[in-house]
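Whatever order the structure lists ligands and atoms in, that order sets their numbers, starting from 1. Remember, predicted model here, so these are calculated numbers, not experimental data.
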Amino acid sequence: MAHESNSNIDTKDNKPIYVTSPFLPPLEELYPYLEEIWKRKWLTNNGHFHQILEQTLCEFLGVKHISLFANGTLALIIALRAMRITGEVITTPFSFVATTHALAWNGINPIFCDIELETMNIDPNKIEALITPKTTAILPVHIYGNPCNIQRIQEIASNYGLKVIYDAAHSFNVTLNNKSVCSFGNLSILSFHATKVFNTFEGGAIICHNKKTKKRIDQLKNFGYDGEINVVGLGINSKMNEFQAAFGLVQLKYINKVIEKRKSIANLYRKLLCRTEGIRLLYDIEGVGHNYAYFPILIDKTKYGISRDDLYFKLKEKNIFARRYFYPLISDFPIYKKLSSTKSANLPIAEQTTKSILCLPIYPDLDNKAVTHIASLINNIANK
Ligand code: T4K
């Protein structure tokens, strides 16, 4: 996505507030890890910290197997290849473009399905009508870290013999009835990009449920090598390096505090915005352990007084860089527009949502004063 121009920002008096800002642990905590990397001279390819991070994340998230990746997009591309997905895959148009790109990179036809109004996740009631003899899988996204209707999606998948690959890029440490949201489906992928709740600068992972699948995934992320002289598949280089893994281990020490801080920001926004006419908020869902990765609001222009875009630009004038995640719909990008499933008539809720969504700044260093300032700007702009 295009980067915002910083040209008119007076960083002394009126610092820009971005939609997110990465949590960085104290620098000195990294030094022992760097010394260890220097000592070992093993920089990538299943190194010491890579192995420890995989093990530590399995224990922390309560999942069976994790394979670390250079980023979430490559994890998703390899997840589809590991499951030998081909033909058509039913997916959501309301996501970051990487979700659909991962299908396209595998030569798979994306079939866009509408979303639910409340959760903004793929609508299970609209999946079955899109299944054809070419359908091999469903690729839902737990958008903003809010779990999809996992039970219903699994029922459909089981009835039709389809695989389910979850794009859980936003869902680090999200639980459903005390189980990691990544324990469902055939595979789930996570993103550890700088903008995520847990970051390794760039990074990602695939979560799988058995050793055999993990072995295949690990081969595919290392060019398809099985040992030194045997290549067993069309792999790629998508390995996480030792610096990323070490950084992840340090980050993990702070993750509970990071999520707690995000929760308190979300609760403050809710308190300050819950009575504003024309703004819909998302609330915690019973049985879900949230990670507060994003703080989306939905603007109803007729009730709020101005459109989502007008609010977005007004906040921008005040150096507050909210983001229209996810706008436009993936199905509206020219490379996908030609597909028949992109017709507006098929995607009415997604069309409505993408025009009204705005994600407000949320990150651990955002103080209450800033949150109150942003909320009062939004409240003062209303119906003016
Ligand atoms: N599936 C889903 C559902 C996803 O949302 C994503 C990625 C993926 C798959 C693929 O995962 P990765 O391959 O990325 O691991 C960002 C991120 O690049 C992307 O990871 C994320 N989703 C997407 C929702 O957002 P941009 O282009 O909008 O972000 P960017 O670079 O403009 O950063 C947003 C703001 O964050 C900046 O305005 C300022 C702040 N920022 C950013 C960076 C990179 C910082 O303060 N520090 C930084 O280092 O895509």
Side-chain angles (χ1 to χ4, degrees), residues 1-6 9 11 15-24 67-80 89 91-106 110 115 119-122 139-148 165-172 174 181-182 187-207 221 236 238-240 244 247-248 251 291 293-296 312 315-316 319-330 333 350 354 357-366 370:
M1 275 185 194
H3 288 262
E4 300 90 358
S5 155
N6 283 1
I9 293 170
T11 45
K15 274 177 113 180
I17 300 178
Y18 296 114
V19 68
T20 189
S21 174
F23 171 77
L24 294 173
S67 294
L68 296 173
F69 276 77
N71 61 60
T73 305
L74 285 165
L76 194 48
I77 289 172
I78 293 302
L80 294 160
V89 169
T91 190
T92 168
F94 188 71
S95 181
F96 191 58
V97 71
T99 308
T100 305
H101 277 355
L103 293 168
W105 273 98
N106 277 293
I115 58 171
T119 65
M120 297 175 259
N121 285 323
I122 196 165
L139 172 56
V141 181
H142 302 301
I143 210 80
Y144 309 128
N146 290 327
C148 295
I165 316 292
Y166 280 107
D167 181 340
H170 305 165
S171 307
F172 186 82
V174 171
V181 80
C182 295
L187 299 176
S188 296
I189 73 98
L190 289 167
S191 164
F192 305 152
H193 180 258
T195 54
K196 299 297 192 295
V197 170
F198 171 77
N199 90 79
T200 56
F201 282 43
E202 294 272 359
I206 301 181
I207 285 92
K221 78 176 187 191
I236 199 166
S238 48
K239 304 186 297 293
M240 177 181 275
Q244 291 173 285
F247 187 76
Q251 286 275 44
N291 68 1
Y294 295 84
F295 193 84
Y312 164 81
L315 290 174
K316 207 169 184 177
N319 263 346
I320 293 157
F321 295 90
R323 288 295 281 262
R324 289 164 289 183
Y325 292 137
F326 290 96
Y327 165 82
L329 292 179
I330 303 175
F333 287 123
T354 195
I357 196 82
L358 191 65
C359 286
L360 301 183
I362 184 164
Y363 51 90
D365 292 337
L366 191 67

Going by atom types only, do H193 and T195 share a side-chain donor-acceptor pair under 3.5 Å? yes
Result for side-chain contact (heavy atoms from CB on, under 4.5 Å) between V181 and one of I207, N291, V174 points to V174
Aromatic ring centroids of F247 and F201 under 6.0 Å? yes
For ligand 1, which atoms sit closer than 4.0 Å to a heavy atom of S95? 3 (C)
To which of R323, E202, H193, H142 does the heavy atom nearest atom 37 (C) of ligand 1 belong? R323
Please identify which atoms of ligand 1 are closer than 4.0 Å to at least one heavy atom of K196. 7 (C), 19 (C), 20 (O), 21 (C), 22 (N)
Would you say the side chains of T99 and D167 form a donor-acceptor pair under 3.5 Å? yes
N/O separation below 3.5 Å, I189 to ligand 1: no
Which ligand 1 atoms does A194 reach within 4.0 Å, using its non-hydrogen atoms? 49 (O)
Can you list the ligand 1 atoms lying under 4.0 Å from a non-hydrogen atom of A98? 8 (C), 9 (C), 10 (C)
Has ligand 1 got any nitrogen or oxygen that is less than 3.5 angstrom from a nitrogen or oxygen of T73? yes
Does NZ or CZ of K316 come closer than 6.0 Å to the centre of the six-membered ring of F321, within 45° of the ring's axis? no
For the residue pair Y294 and H170, does the interplanar ring angle fall in the parallel (under 30°), tilted (30 to 60°) or perpendicular (over 60°) class? tilted
For T99, atoms of ligand 1 separated by under 4.0 Å from a heavy atom: 1 (N), 3 (C)
Numbered in order shown, the ligand 1 atoms found under 4.0 Å of a heavy atom of S21 are 46 (O)
Is it the side chain (CB and beyond), the backbone, both or neither of F326 that lies under 4.0 Å from ligand 1, heavy atoms counted? side chain
Looking only at heavy atoms, is any part of D167 under 4.0 Å from ligand 1, and if so is it the side chain, the backbone, or both, or is it neither? side chain
Contact check, G204 vs ligand 1, heavy-atom distance below 4.0 Å: no
Taking all heavy atoms of A75 and all of I206, pick out the closest pair and write down the distance. O-CD1, 3.2 Å
Note: T73 and A98 closest approach over all heavy atoms is OG1-CB, 3.6 Å
Nearest non-hydrogen contact with atom 29 (O) of ligand 1 belongs to which option: F96, Y294, F192, Y325? Y325
Pick from P22, S191, A102, P361: the one approaching atom 47 (N) of ligand 1 most closely through a non-hydrogen atom: P22
For ligand 1, note which part of T20 has a heavy atom under 4.0 Å away: side chain, backbone, both or neither. both
So the atoms of ligand 1 within less than 4.0 Å of a heavy atom of G203 turn out to be 15 (O)
Is a donor on one side and an acceptor on the other found under 3.5 Å between the side chain of N121 and the backbone of N146? yes
By side-chain contact (heavy atoms from CB on, under 4.5 Å) - contacts of A350 (at least two apart): P93, D114, I115, L329, L347
